[in-house]
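For reference, the structure is listed below as structure tokens.
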Amino acid sequence: MGRKFLVALGGAMLTLSMAACSGGGAGSGDDKSSAKPGDLTIGVSMPTQTSERWIADGNAVKSKLEGKGYKVDLQYAGDDIPTQSQQVDQMITQGADVLIIAAIDGTALSSQLQAAASAKIPVISYDRLIRGSKDVDFYVSFDNYKVGVAQGTALLVGLGLLNKDGSKGTAKGPLNVELFAGSLDDNNTQFFFNGAMDTLKPFVDDGTLVVKSKQTTPEQVATLRWQQETAQKRMENLLTSSYNDGSKVDGVLSPYDGISRGIITALQNAGYGTGAKKLPVVTGQDAEIASIKLINDGVQSSTVFKDTRLLADQAVNAAEAFLQKKEPEANDTKTYNNGVKVVPSYLLPIVTVYKDDIKTALIDSGYWTAEEVAAGQAKK
Ligand code: BGC
């Protein structure tokens, strides 16, 4: 065997063993508490860049971690499940020390999580709970049931059935509403929908609210991958199938601003918002800038603001705790059962935003500037 070959072989073995070491860095169960932040990498896996909130989440987590000196491997999966699995696999083999994951499909990452567990890499489920795996170590999110309650309440307030202070409003039924939910593979979807429906149910039961299409089950009202176009199509179909008799839609329960914009486009294309045909009350979520402009212009009625900066803080706190061999601080240890175990969670509060709240909730807090709200576009 030539000397050159032996040197090359030795080099390859060294590389291999180094890879094994860093892959199993957490893997070897090493105490990271003495490692320098610059020697530690946090893998951050985000679902998609088509929605602003995930871009804000990714940027906030990355800059906060980098601010503390950690290395960050941030990846977006283009809403494609195999891409996300592959990206997480790669983070593990490249030696991530902690993983922060916002899953596309809450049940699709079990084998990645198993690999992370064997390499002793802690996994933090970010905003969307990963289901069906014992290897989820912590969950950071908002109070997702309350998001749904806020959406149901905002629909009732927008319709004038309730006042903002919760007292009875002056409007009278029957009023026609239609319901939309998010993607069924996202664990949050059922929390949002249940919170909203628990709030709306008494009004449906006594006939104040009428769902003319009769589509009320999660399966009937779901929107795969939360897509705007899918929501627009369904709204168009609802208008043709249930409102071609001269009747009007008065309100639409929407779980997310992108879906709200799809619904609003369908309604505008059908003549709503011009003349006497008022646009229905449409709810939302995420305080996306395009929707904040619509709310400011009186087109969309409300949204639910979830401050992604605070969520990023909690994810970073949890990651640091794990690296220091501590348990992250949880404020909920009951609600989030992922089918295999109850995952300790840190849940943040939410804020309903109507037109009047844009300044205090979003501009004064520095989430959006007044110029961005006026333009309906985020400044790069
Ligand atoms: C998030 C929402 C978001 C939705 C669509 C959910 O998991 O909690 O904030 O609107 O995904 O991206």
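When a ligand or atom number is given, it counts from 1 through the structure's own listing order. Remember, it's a predicted structure, so these values are computed and weren't measured experimentally.
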Hey, is ligand 1 close enough to K306 that some N/O pair sits below 3.5 Å?
yes
Should N188 be counted as touching ligand 1, given the test is an N or O pair under 3.5 Å?
yes
How far is atom 11 (O) of ligand 1 from the closest protein heavy atom, and which atom is that?
R128 NH2, 2.9 Å
Contact atoms of ligand 1, heavy-atom distance to D186 under 4.0 Å:
6 (C), 7 (O), 11 (O)
Does Q84 reach the main-chain N or O of I104 with its side chain, forming a donor-acceptor pair under 3.5 Å?
yes
Kindly say whether L347 contributes a backbone atom to a donor-acceptor pair with the side chain of N331 at under 3.5 angstrom?
yes
Heavy-atom neighbours of K164 NZ exceed 12 at 6.0 Å:
yes
So which bit of F192 gets within less than 4.0 Å of ligand 1, heavy atoms only: side chain, backbone, both or neither?
side chain
Report the part of V147 (side chain from C-beta onward, or backbone N, CA, C, O) that has a heavy atom under 4.0 Å from ligand 1; answer both or neither where that applies.
neither
Is there a donor in the side chain of D135 and an acceptor in the side chain of Q112, or the other way round, less than 3.5 Å apart?
no
So that I can tick it off, tell me whether E229 and K233 are bridged by a salt bridge, with the cut-off set at under 4.0 angstrom between side-chain N and carboxylate O.
no
Does F142 reach ligand 1, in the sense of a heavy atom lying below 4.0 Å from it?
no
